[in-house]
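Working notes for the structure below.
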Amino acid sequence: MANFDFTKRDSFGSKMGIIAAAAGSAIGLGNIWRFPYIAGENGGGAFLLVYLFFIVVIGVPVMLSEFVIGRSAQRNPLGALKNLAPKTYWFLVGFLGIAAAFFILAFYTTVAGWTLEYLYLAVTNGFQGMGADQMSSMFEQFRTSGMRPLIWQAIFMFFTAFIVYRGIKNGIEKYTKILMPALLLIIIVLCIRAITLPGGGEGLVFLFKPDFSKLTANGVMQALGQSFFSLSIGMGALITYGSYISKKDNLGITAISVTAADLVIAILAGIAIFPAVFAFGIQPEAGPGLVFITLPMIFQQMTGGYFFSLIFFLLLSIAALTSTISLLEVVVAYMSEELNVNRKKSTIIGAVSIAVLGVFCTLSQGPLPGLRIGERNLFDLLDFSSANIMLPLGGLLIVIFAGWFMGVDKVFDELSNGGKLNARYKHAFLFIIRFIAPIGIALVFLNGIGILNFFSGGDL
Ligand code: PFF
């Protein structure tokens, strides 16, 4: 088969398209499912402040480094590193990103499948009349049941593959440009509903009033880990999307816009959730079940609950979908450019092989209890090892590469579009990616592999 023709490489068609796609990757279950419960477990406002600090000081620079690497090389993550550092082992960093995308997608589609089940339940009024116990046993029963979650997971993977199959401009860009504004609209409606609930003000106090006595070292580390997961850092997604950004676009502004959008949605998710939690007298530390157990219960007790639960689970599904497409694209870009499999075949092979691993993730929740190492089943294992090991390690190596090995000229060239932009921040950026970010990330990483022990891992 002929080699991949790089002159025919697809790209984003507009600035808005890039931002929609990259923000779509960043904004996902991490913002709406993971952020509120982790913030809830770690004291709300104080956690938010630390999170904000990490997003600005580490998140933006790492994201920008990924964009720089991707756009400079115009390749998939492995090809990009091979291209920028020929005859070295740096390509392994690209490989790590692709592997992380593969693993994350396997367990992420399990949860994404749950969002479809809950969307279906919302449509068919399936939460009606259920109390806390029933809601929680329904979730447990569904999650561990095998067949139903598998069907939803397969449907979700199909939607993901359908969009990726169509390419960048006509697939990813086209759909994220519709889905992201819809997502914003839904979350704003939910926020308005939440803050107008009697007694909801306490939820806002919880989210915004920093109480540092509730923040532990563990919470600080979780904030850093969450910022990585939420920004889609360290798994090749942003290198891949960066490689489709036009040479005329301003990478710095793109990274800041995407990060700001991600942060705003996480905060809005908090505003949509905590006032409701407080208004109905529920503890905010409900954990991972917050979205699948606590919220449906709250919704069906409030006026207009049918409508609000419906749009909430629609929101969750959309958020998940715009993230899964970015992960599948990582694998597809790699297969089509490095293995010379055409895009359509790559999409099918990629989606099917990830789905096979995904099936085992879903089954490890219940029907196949033997799929575990120690106390973690396959799902937890992939969740834990990607968030705590692969992403920090990938992010760390990426900033080290961009800061120390890629060449300052090349990096500055990308930031300034070959001298056409001012990019006055470039020296500060270089300082951060050389020193601050690697040290910060190294701390989370050492924590993740258990050399430091601030917090224990992501069980669900
Ligand atoms: N950032 C996504 C979220 O917050 O849900 C998750 C994710 C997407 C992680 C894409 C990694 C990735 F490459």
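For ligands, and for the atoms within them, numbers begin at 1 and follow the listed sequence.
The shortest N or O to N or O distance between Phe229 and ligand 1 is below 3.5 Å. When only interatomic distances are considered, the shortest N/O to N/O separation between Met235 and ligand 1 does not fall below 3.5 Å. Of the polar atoms of Ile104, none of the N or O atoms is found under 3.5 Å from an N or O of ligand 1, judged by distance alone. The N/O atoms of Tyr108, backbone and side chain alike, include one that comes under 3.5 Å of an N/O atom in ligand 1.
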task: Assess whether side-chain contact (heavy atoms from CB on, under 4.5 Å) is satisfied between Val264 and Leu268, documenting all intermediate values.
output: CA-CA 6 Å; Val264 166; Leu268 289 180; 3.9 Å; yes

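The aromatic ring centres of Trp33 and Tyr37 sit less than 6.0 Å apart.
Near Leu29, with a cut-off below 4.0 Å to any heavy atom, the atoms of ligand 1 are 5 (O). Remark: ligand 1 atoms within the under-4.0 Å shell around heavy atoms of Ala237 are 13 (F).
What sits closest to atom 7 (C) of ligand 1 on the protein, heavy atoms only, is Ser232 OG, 3.8 Å.
Under 3.5 Å, the side chains of Gln74 and Ser243 contain no donor-acceptor pair of N or O atoms.
Contacts between Ala26 and ligand 1 below 4.0 angstrom, taking non-hydrogen atoms only, involve the backbone exclusively.
Expressed to the nearest 0.5 Å, how far CG of Leu315 lies from CZ of Phe308 amounts to 13.0 Å.
Residue-environment remark: OH (Tyr89) stays at or below the threshold of 12 foreign heavy atoms within 6.0 Å. More than 12 heavy atoms of other shown residues, nucleotides or ligands fall within 6.0 angstrom of atom CZ in Phe142.
Looking at heavy atoms from C-beta onward, Tyr241 lies out of side-chain contact with Glu66 at the 4.5 angstrom threshold.
Under a 4.0 angstrom heavy-atom cut-off, Ala101 registers as lying outside contact with ligand 1. Distances shorter than 4.0 angstrom do not occur between any heavy atom of Trp33 and any atom of ligand 1.
Exactly one residue among Arg71, Lys169, Glu329, Glu173 makes a side-chain contact (heavy atoms from CB on, under 4.5 Å) with Tyr244. That residue is Glu329.
One option in Ser25, Gly30, Ala320 has a heavy atom closer to atom 2 (C) of ligand 1 than any other, and that option is Ser25.
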